[in-house]
Amino acid sequence: MFIVDPNMPEDEIDQLNSQVEGLVSDGGGQVESIEKLGRKRLAYEIQRQNQGFYVLFTVAADGAIVKEVERRFRVMDSVLRYLTVRVDEAEKKLEKVRAIRQKKSSQPIPDSEVVAEPSAADGS
Amino acid sequence: MVQKQFYRRRKVCKFCVEKIDSINYKDSRLLSQFVPERANILPRRISGVCSPHQRQLKDAIMKARNIALLPFTTD
């Protein structure tokens with residue numbers, strides 16, 4: 001996720017996005033999604049600006065490409081701040097948890113079946 | 001008498017009850033419930049959050065602060 005100068009026109013921001021996208025795909029990574037979260041009020045002043053344009057990239061790429069993108073961001077004046085979050089390990093754990101929860105909710109409750117049997121035995 | 005006061009507040013962890021799996025740093029509305037007006041982080045004994053969720057919450061709040069979605073401090 002990175003914050004861009006809010007005074008930049010939209011098409012320049014799109015240009016920047018496609019630049020970053022090109023950088024990632026050239027290095028062999030995959031851009032999964034680009035989300036423009038729009039102009040938001042910043043919680044504190046960054047470079048004497050009170051608003052910022054937020055952009056979120058979801059990327060599947062190696063560490064080297066990510067480093068290169070970060071280096072570019074550091075050099076660019078229009079990018080006020082960037083934050084890289086690694087989500088692959090957390091996603092795997094979450095998937096496991098969700099799969100277990102799905103199995104639990106779809107299984108019938110075994111107690112009811114056990115209760116039915118003794119009464120059938122008593123009848124006979 | 002003092003012991004009764006302690007045991008009265010047996011709050012449940014909000015994330016465990018609602019089964020929220022991951023606390024996203026982008027969710028500033030959810031995170032701001034755990035950030036009082038001074039912009040520090042609510043301790044566990046007041047918010048009633050369980051310890052693994054408190055750790056995730058702290059990480060999410062730190063990330064949100066870095067990306068200016070939450071303030072570091074208010075004046």
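Throughout, a chain's letter reflects where its sequence line sits, starting with A, and its residues are numbered from 1. Here the structure is a predicted model, which means the values were calculated and not measured. Worth knowing before you read on, the calculation uses all heavy atoms, side chains too, and leaves out hydrogens, waters and symmetry mates.
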Notebook entry, point to check: Where on B/I67 is there a heavy atom nearer than 4.5 Å to chain A: the side chain, the backbone, both, or neither?
Noted result: both
Next item on the list: Using non-hydrogen atoms and a 4.5 Å limit, figure out which bit of B/K26 sits close to chain A: side chain, backbone, both or neither.
Entry: side chain
Please flag which part of [X] lies under 4.5 Å from any non-hydrogen atom of chain B: side chain, backbone, both or neither.
| X | answer |
| --- | --- |
| A/L83 | both |
| A/L80 | neither |
| A/K40 | side chain |

Heavy-atom neighbours of [X] [atom1] exceed 12 at 6.0 Å:
| X | atom1 | result |
| --- | --- | --- |
| B/M62 | CE | no |
| A/E45 | CD | yes |
| A/K36 | NZ | yes |
| A/Q30 | CD | no |
| A/D77 | CG | no |

Could you measure the distance from the [atom1] atom of [X] to the [atom2] atom of [Y]? Nearest 0.5 Å is fine.
| X | Y | atom1 | atom2 | value |
| --- | --- | --- | --- | --- |
| A/Y82 | B/N66 | OH | CG | 11.0 Å |
| B/L69 | A/Y44 | CG | OH | 8.5 Å |
| A/T84 | B/K63 | OG1 | NZ | 11.0 Å |

Item checked: Closest contact, heavy atoms only, A/A43 versus B/P71 -> CB-N, 3.4 Å
Checklist line | For the student: nearest non-hydrogen atoms of A/I46 and B/A68, plus distance | finding: CD1-CB, 4.0 Å
Answer with yes or no whether the hydrophobic clustering places [X] together with [Y]; edges join I, L, V, M, F, W, Y residues whose side-chain heavy atoms lie under 4.5 Å apart.
| X | Y | answer |
| --- | --- | --- |
| A/L94 | B/L57 | no |
| A/I3 | A/L56 | yes |
| A/V20 | A/Y54 | no |

Note to self: Has B/Y25 got a side-chain atom pairing as donor or acceptor with A/V85's backbone, closer than 3.5 angstrom?
What the structure shows: no
